[in-house]
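Hydrogens, waters and symmetry mates are skipped; everything else that's a heavy atom, side chains included, is used. Model, not experiment: these values are computed from the prediction. Just so it is clear: chains get the letters A, B, ... in the order the sequence lines come, proteins before strands, and each one is counted from 1.
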Protein chains: 2
Amino acid sequence: MAITKAQLFNKRQIRAAEFAKAIAHPARIAILQILATSNACYCGDITEELPLAQSTVSQHLKALKSAGIIKGEIEGVRTCYCFDEENLAEFKTVMEAMIKEFSIPNPTCC
Amino acid sequence: MAITKAQLFNKRQIRAAEFAKAIAHPARIAILQILATSNACYCGDITEELPLAQSTVSQHLKALKSAGIIKGEIEGVRTCYCFDEENLAEFKTVMEAMIKEFSIPNPTCC
DNA sequence: AGAATAAATCGTAAAATTACGATATACGAT
DNA sequence: ATCGTATATCGTAATTTTACGATTTATTCT
């Protein structure tokens, strides 16, 4: 983009956007669902359940980890991915706060 | 991107990702907060409250409208933007369902 | 009809995202 | 030490996003 003005928004807005961006792709939602509902937690197992290449899944996992939604525990040659419960709580708080905020009916307009 | 495989994910995943993408930018979250808490609802008024050009705000409004989170009612020379309550309910449902889904502790791993 | 105003769209450029295959890295087993 | 396996990273290409100013469109007012 021509100019980046993200720094002109507040931290809450930036964090919420970050979380939203993390789940702004069907593949990442699918990965999170796999983590939540199946017992797959290795990149390889997750890749098997998805129509994507291993490198692509690894990339998506990295994105989820960067946002803090998941964490990766190295287990020898592989990495076990699972939800980062602490940050997941923050995710919930941020998202629910936003949902709540948007639900305030504005009486002055429309 | 080289190949698009979005069609290989299910509708719920795609819809959730769409909603998430809509709020995946601080400016769009700020716009929604302005809509929710101030009585600004015209592109011009919203632009005044943000460090962005009118055309940029208009673009963000379009993205929010495309996702269905807001709607625009033409009022003569201007357009009054407000939440699309029906879709906002869907947004809430989808997001809350996802949050809930991710909260199921996986007993088999990590 | 013409001027003023608000919003949308166009054109453009920079950056980010997404995907893949190929390669590198890291670890366990032999 | 070497081999095999799992994951991460690199390199690349296509697409999308983001931003801006300039222009167009649409409507109201004079």
**Glu101(B)/Arg12(B) ion pair, N-O < 4.0 Å** = yes
**N-O pairing of Lys92(B) and Glu96(A) below 4.0 Å** = no
Between [atom2] on [N] and [atom1] on [X], what's the gap in Å once rounded to a whole number?
| X | N | atom1 | atom2 | answer |
| --- | --- | --- | --- | --- |
| Phe9(A) | dT18(D) | CZ | C1' | 11 Å |
| Ile23(B) | dT17(D) | CD1 | C1' | 17 Å |
| Leu50(A) | dT7(D) | CG | P | 13 Å |
| Ile74(B) | dT28(D) | CD1 | P | 11 Å |
| Glu75(A) | dC27(C) | CD | P | 13 Å |
| Glu73(B) | dA7(C) | CD | P | 14 Å |
| Leu52(A) | dT17(C) | CG | P | 17 Å |
| Ile70(B) | dA8(C) | CD1 | C1' | 13 Å |

**Request:** For DNA chain D, determine which residues of residues 55-64 of chain A have any heavy atom closer than 4.0 angstrom to one of its atoms, and list them numerically.
**Result:** Ser55(A), Ser58(A), Lys62(A)
Taking the side chain of [X] as its heavy atoms from C-beta onward, which of [options] lies nearest to it?
| X | options | answer |
| --- | --- | --- |
| Gln54(B) | dA6(D), dC20(D), dA8(C) | dA8(C) |
| Ala53(A) | dC20(C), dT7(D), dC20(D) | dC20(C) |
| Arg78(A) | dA6(C), dA6(D), dG21(C) | dA6(D) |

**Prompt:** When you look at Glu90(A) and Arg15(A), which way does the salt bridge (charged side-chain N to carboxylate O under 4.0 Å, His left out) test go after all the steps?
**Reply:** CA-CA 10 Å; Glu90(A) 192 202 348; Arg15(A) 187 69 178 126; 3.1 Å; yes
Can a side chain N or O of [X] be found less than 4.0 Å away from OP1 or OP2 on [N]?
| X | N | value |
| --- | --- | --- |
| Lys21(A) | dT17(C) | yes |
| Arg28(A) | dT18(C) | yes |
| Thr79(A) | dA6(D) | no |

**Prompt:** So what does Lys65(B) touch, heavy atoms closer than 4.0 Å: a base, only the sugar-phosphate, or nothing?
**Reply:** nothing
**Asked** Within a strict 4.5 Å, meaning less than it, do heavy atoms of the Asp84(B) and Lys65(B) side chains meet?
**Response** no
**Request:** Please figure out whether Asp45(A) or Gly76(B) has its closest DNA chain D nucleotide nearer the 5' end.
**Result:** Asp45(A)
**Request:** Going by the side-chain contact (heavy atoms from CB on, under 4.5 Å) test, name the single residue among Ile31(B), Leu35(B), Ile29(B) that passes it with Leu64(B).
**Result:** Ile31(B)
**Ring centres under 6.0 angstrom apart (Phe102(A), Phe83(B))** = yes
**Asked** Which pairs, with at least one residue in residues 46-56 of chain A and sequence neighbours excluded, count as a side chain to side chain donor-acceptor pair (under 3.5 Å)?
**Response** none
